[in-house]
Amino acid sequence: MSLSQEMISPSVDLLDPKEYIIIKNARVNNLKSLSVAIPRNKLVVITGLSGSGKSSLAFDTLFAEGQRMYVESLSSYARQFLGRMEKPDVEYIKGVSPAIAIQQKVTTKNPRSTVGTTTEVYDYLKLLFSRIGKTISPVSGDEVKHHTVTDVVDFIHGFEEGEKVMISCPLHLMKGRTMHQELELLLQKGFTRILINGDAYFVEDLIGAAEVPNGDYEILIDRVSIRHEDEDNQFRIADSVQTAFFEGHGECTVLVPGKDKRTFSDRFELDGMNFELPTVNFFSFNNPYGACKTCEGFGSVLGIDPDLVIPDKSLSVYEGAIAPWRGETTGKWLEPLVKKGIYFDFPIHRAYEDLTESEKALIWAGNSYFRGLNDFFADLQSKTHKIQYRVMLSRFRGRTTCPDCKGTRLRKDASYVKIGGKSITDIVLMPIDKALGYFQQLELSESEKKVANRLLKEILNRLEYIDKVGLGYLTLNRLTSSLSGGEYQRIKLATSLGSALVGSMYILDEPSIGLHPRDSDRLIEVLKSLRDLGNTVIVVEHEEKIMKAADQIIDIGPDAGVLGGELVFQGDLNELIVSGKSHTARYLKGEEKIQEKTANRKWKNSLFVKGARENNLKNLSVQFPLHTLTVVTGVSGSGKSTLIKKVLYPALGKIMGTVLDETGKFDKLEGDYKKITQVEFVDQNPIGKSSRSNPVTYVKAYDAIRTLYSDQSLAKQRGYKPAFFSFNVDGGRCEACQGEGTVTVEMQFMADIHLTCESCKGKRFKNEILDVKYKEKDISDILAMTIDEAMDFFKGKTQIINKLQPLQEVGLGYVGMGQSSNTLSGGEAQRVKLASFLGKGGTKVGDHILFIFDEPTTGLHFHDIRKLLHSINALIDQGHSVIIIEHNTEVIKAADWVIDLGPEGGEKGGYVTFQGTPEELMEQEGNYTAKYLKESFQ
């Protein structure tokens with residue numbers, strides 16, 4: 001049983017809103033008139049079972065009210081929607097600060113968005129390089145310089161008072177004009193004198209002469225005496241220099257008779273090359289001026305993917321390693337290589353992976369005996385007017401790194417501009433911790449410091465925070481869309497810290513996701529520094545370390561869904577453990593435990609990845625036992641995702657013909673991989689892009705429910721088919737909102753607002769459809785139930801129960817039947833996918849699926865991890881294999897085989913530090929994972 005509200009928290013009416021954020025009687029989603037006072041400027045952790053109401057309190061109540069109050073302060077355009085913009089269902093909220101929500105979801109799929117642009121570091125880098133960058137010639141390595149009007153004026157004013165100076169420029173004879181014509185034109189422009197070989201002549205005299213002398217012609221722009229204190233004299237000199245540069249096509253000559261003659265050029269050139277003057281747009285890959293012309297600033301182009309052309313590198317050329325040359329017609333391209341290979345000593349029977357780099361290159365380039373793959377694809381390209389050739393080309397096309405900019409996205413000459421010997425492309429390709437070190441040690445001249453001081457401060461500030469949140473292994477060039485939910489959230493956190501806001505309310509959704517326990521300590525430092533700036537930091541979290549660091553813990557429960565939504569505890573960690581009144585307390589106390597495995601499974605078959613070298617992987621070789629639970633772990637940035645997502649998954653998928661992703665660099669795949677019939681990557685991407693998609697439609701349970709309602713007598717009388725009970729097609733759905741239940745209002749300057757449909761009042765269906773009832777419930781009532789409630793309601797209906805049960809087994813019983821997919825967290829979406837596999841009853845006999853999970857404990861309370869492990873073990877018992885990328889020590893304990901990568905992140909990672917059982921791992925000395933695993937067993 002939970003404690004009463006009054007026992008936990010005194011009456012919130014008596015508290016001061018200047019010291020507390022006060023919520024009274026919140027009834028959003030499953031919250032049961034919850035009242036709570038959150039202390040200001042503290043680090044507060046909200047915990048509880050998955051589905052207990054944590055997010056409802058933090059995001060749907062607190063943040064929603066903060067956002068609504070913000071909109072109220074905006075323009076009349078925004079306020080016209082406020083009458084319909086709903087307040088959270090709460091009696092009152094007092095003391096709300098401006099709210100900033102940092103959630104797990106990667107909200108951008110923009111292929112131009114990078115870590116550098118998201119954190120604003122790249123904006124400052126562009127400014128820095130355009131202001132103090134030095135252009136270095138790639139030919140001689142010398143600095144490219146040009147003169148400005150100021151340079152020339154300063155040179156002239158370096159002479160003594162009263163000195164006479166002549167300012168001139170070369171005369172350029174335009175094509176098709178005679179010298180007489182050019183001189184006449186000069187006279188019309190107002191120039192009266194000209195220099196020929198240094199001697200002055202009147203232009204009028206030369207025009208009247210029968211012949212003009214030969215020699216070097218210069219236009220005499222001005223003759224002036226230097227007067228240092230005369231401002232008009234200074235303006236006159238500057239104006240004359242400007243005219244000289246214009247008329248002389250970039251050249252200006254200053255002559256002090258008998259003393260000095262100097263030629264200046266405002267052309268930016270050296271070693272016979274013209275260079276562009278650095279500007280901000282010159283370094284912007286989002287601007288046509290700065291973007292690489294080949295890939296248009298994307299860093300990759302659609303080209304022929306070598307991994308699709310040669311999918312199985314264990315085959316030889318003779319055995320058919322070259323996929324496009326396996327056909328009867330295209331096989332004619334292979335014949336000359338096979339038959340004439342002996343003439344140029346080519347090993348046609350050697351596996352492709354064992355060929356030398358020059359032999360591999362020869363297959364592509366060809367020689368006098370045979371035409372290579374490059375010629376083959378060029379030939380296909382020339383025949384694309386025929387559909388079969390277009391289809392064939394598309395089979396071997398993929399995203400490849402741009403050959404011109406090498407993935408840096410910028411025009412090539414942008415890399416000629418350097419600061420401290422490094423170009424902007426060098427910096428964005430460095431790991432952030434190295435880039436930070438470079439800027440900390442950067443030495444500048446006094447004049448450069450004046451210009452760059454503020455910019456450097458901003459760059460260093462942001463890089464330090466990115467490093468502090470444990471992301472020093474990323475590069476600034478890394479695509480935002482390729483980040484995990486946890487990484488993206490910490491990037492947003494670092495950006496918020498960099499902007500140094502105060503007096504705000506930060507609400508974070510499990511920032512520890514994707515973090516090794518070692519890196520959690522650094523995250524805690526960052527959260528504390530955010531609090532110490534003068535902000536209220538509210539964290540929805542299950543991580544024990546973060547609970548220990550919190551000033552206060554709010555535990556919501558006691559259970560999930562309709563059995564949750566109450567405040568069961570508020571206080572610090574020690575008080576929580578002593579209370580023992582919730583699942584959280586009992587797990588922390590050790591009274592409840594995640595079920596541990598009884599013994600390691602025995603296995604006969606394994607697959608091996610040899611020589612993986614992608615990203616930071618250091619030529620490593622790894623064993624993956626089959627029919628077991630394998631956990632890949634290691635500190636953040638050690639190479640786990642690269643090994644599994646970039647190497648193992650696409651390599652296996654390409655052999656089966658089901659994956660088109662680019663494969664990372666590795667030597668070969670060995671072992672019993674041919675025993676695997678299918679590979680499934682169960683990631684945290686949303687299960688559906690449509691807002692009408694929901695877990696019940698994803699696991700195909702809704703089909704049986706629609707059939708049940710169409711079988712009711714009233715539905716039969718009216719002729720309602722199952723489709724009438726669908727909100728995805730015309731018929732029974734509400735046409736005003738098209739079955740969404742909400743209407744979206746697009747806002748020009750902030751996130752869209754979703755309002756309840758006024759026609760159906762959010763029920764999604766026409767009123768006549770809602771007349772059809774089963775056990776006194778209409779179809780809209782069913783969608784409003786949770787999975788747990790529906791399991792009780794549909795007892796005896798095996799078709800429906802069998803589909804819903806896996807959702808309950810993976811710990812999603814609290815999720816609403818009609819809850820939109822895009823409101824699910826990454827971890828919830830992943831567990832819905834797991835449930836759909838469990839619900840299929842596995843598969844045909846003899847099928848062996850390799851399941852790969854990416855941090856499935858995301859968003860899970862200890863109590864829910866037990867359910868998850870039970871479901872994953874069920875897959876293995878059905879004859880499948882499971883590989884999990886995970887940091888959670890409870891999951892590592894339950895593994896049959898552990899692969900630990902490290903020892904550090906980024907460049908210092910990428911090694912296999914351990915392979916074996918969890919018991920053997922604990923005996924390792926100096927291993928980060930072993931240290932935290934030992935602690936969890938104590």
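Numbers here are sequence positions counted from 1.
Relative to the ring axis of Phe283, Lys126 does not place its NZ or CZ within 45° and under 6.0 Å from the centre. Under a cutoff of 6.0 Å and an axis angle of 45°, Arg112 and Phe298 form a cation-pi pair.
Formation of a donor-acceptor pair under 3.5 Å by the Lys548 side chain with backbone atoms of Leu573 is not found in this model. Without hydrogens or angle criteria, Lys610 side chain to Phe608 main chain gives no donor-acceptor distance under 3.5 Å. Between the side chain of Lys42 and the backbone N or O of Ile538, no donor-acceptor pair lies under 3.5 Å. With hydrogens and angles disregarded, a donor-acceptor distance shorter than 3.5 Å links the side chain of Thr633 to the backbone of Glu886. Listed for the Lys54 side chain is a donor-acceptor partner under 3.5 Å among the backbone atoms of Gly48. Glu458 contributes no side-chain N or O that, together with a main-chain N or O of Leu455, makes up a donor-acceptor pair within less than 3.5 Å. The backbone N or O of Val428 lies less than 3.5 Å from no partner atom in the side chain of Asn477, so there is not a single donor-acceptor pair. Between the Lys646 side chain and the Thr663 main chain, no donor and acceptor come within less than 3.5 Å of each other. A distance-only check finds a donor-acceptor pair linking the side chain of Trp897 to the backbone of Gln623 [under 3.5 Å]. In this structure a side-chain-to-backbone donor-acceptor pair under 3.5 Å is present from Thr118 to Thr114.
Closest non-hydrogen pair, Pro918 versus Asp896, comes out as CD-O, 4.3 Å. Shown here for Arg531 and Val537, the closest heavy-atom pair between the two residues is N-CG2, 3.8 Å. Between Val115 and Thr475, the closest heavy-atom pair is CB-O, 3.6 Å. Taking both residues in full, the closest heavy atoms of Pro856 and Ile885 are given as CD-O, 4.1 Å, listed atom of the first, atom of the second, then distance. Considering every non-hydrogen atom in both Ser621 and Gly611, the closest pair reads OG-N, 3.3 Å. Closest non-hydrogen pair, Phe59 versus Phe63, comes out as O-CB, 3.3 Å.
In this structure, the side chains of Glu680 and Leu850 stay at 4.5 Å or more apart for every pair of heavy atoms. Residues Pro511 and Val539 have side chains in contact (heavy-atom distance under 4.5 Å, counting atoms from C-beta outward). With contacts defined as side-chain heavy-atom distances shorter than 4.5 Å, the pair Thr536/Tyr506 does not qualify. Contact annotation: the side chain of Phe853 approaches that of Leu834 to within less than 4.5 Å [non-hydrogen atoms, C-beta and beyond]. Side-chain contact between Val631 and Ile899: absent, with no pair of heavy atoms (C-beta onward) separated by less than 4.5 Å. Under the 4.5 Å side-chain criterion, counting only non-hydrogen atoms from C-beta, Val526 is not in contact with Leu530. At least one side-chain heavy atom of Tyr473 sits less than 4.5 Å from a side-chain heavy atom of Ser636. A 4.5 Å side-chain heavy-atom check between Thr913 and Thr929 finds every atom pair outside the cut-off.
A salt bridge is absent between Glu464 and Lys468: the closest approach of a Lys/Arg side-chain nitrogen to an acidic carboxylate oxygen does not fall below 4.0 angstrom. Between Lys412 and Asp404 there is no salt bridge, since none of the side-chain N atoms of the basic residue sits less than 4.0 Å from a carboxylate O of the acidic one. Of the charged side-chain nitrogens involved, none lies within less than 4.0 Å of a carboxylate oxygen, so that Asp467 and Arg462 do not count as a salt-bridged pair. The pair Lys528-Glu525 fails the salt-bridge criterion, with no side-chain N (NZ, NE, NH1 or NH2) lying under 4.0 Å from an Asp/Glu carboxylate O. Using a 4.0 Å cut-off between charged side-chain N and carboxylate O, Glu543 and Lys545 make no salt bridge.
In this structure, Lys618 places its NZ atom where more than 12 heavy-atom neighbours from other residues, nucleotides or ligands lie under 6.0 Å away. Within 6.0 Å of CZ on Phe914 lie more than 12 heavy atoms contributed by other residues, nucleotides or ligands.
Side chain to side chain, Glu904 and Ser638 fail the donor-acceptor criterion of an N or O pair below 3.5 Å. A donor and an acceptor atom, one from each side chain of Asp864 and Ser50, are located under 3.5 Å apart. Side chains of His861 and Thr584: a donor on one and an acceptor on the other come within 3.5 Å. Between the side chains of Thr408 and Thr425, no donor-acceptor pair is found at a separation under 3.5 Å. No donor-acceptor contact under 3.5 angstrom links the side chains of Thr119 and Thr495, judged on distance only. Between the side chains of Ser423 and Asp426, a donor-acceptor pair is found at a separation under 3.5 Å. Side-chain contact annotation: Glu614 with Thr642, donor-acceptor N/O pair under 3.5 Å absent. Residues Tyr465 and Arg490 bring no donor and acceptor atom of their side chains to less than 3.5 Å of each other.
Atom CG of residue Leu125 and atom OG of residue Ser284 lie 12.5 Å apart, to the nearest 0.5 angstrom. Rounding to the nearest 0.5 Å gives a distance of 7.5 Å between CG of Asp900 and CD1 of Ile892. To the nearest 0.5 Å, atoms CZ (Phe681) and CG (Leu648) are separated by 10.0 Å. The OG atom of Ser881 lies 8.0 Å from the CG atom of Leu607; values are rounded to the nearest 0.5 Å.
Proximity of the aromatic rings of His542 and Phe862 is defined here by a centroid distance below 6.0 angstrom, and this criterion is not met. When ring centroids are compared, Phe439 and Tyr124 stay outside the 6.0 Å threshold.
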(request) Apply the test ring pair (Phe, Tyr, Trp, His ring centres under 6.0 Å) to residues Phe285 and Tyr122: give CA-CA distance (whole Å), side-chain angles for both, the deciding distance (0.1 Å), then the verdict. (result) CA-CA 11 Å; Phe285 48 78; Tyr122 195 73; 5.2 Å; yes
(message) Set out, in order, the CA-CA distance, both residues' side-chain angles and the distance that settles salt bridge (charged side-chain N to carboxylate O under 4.0 Å, His left out) for Asp305 and Lys654, then state yes or no.
(response) CA-CA 12 Å; Asp305 186 346; Lys654 278 183 180 169; 3.6 Å; yes
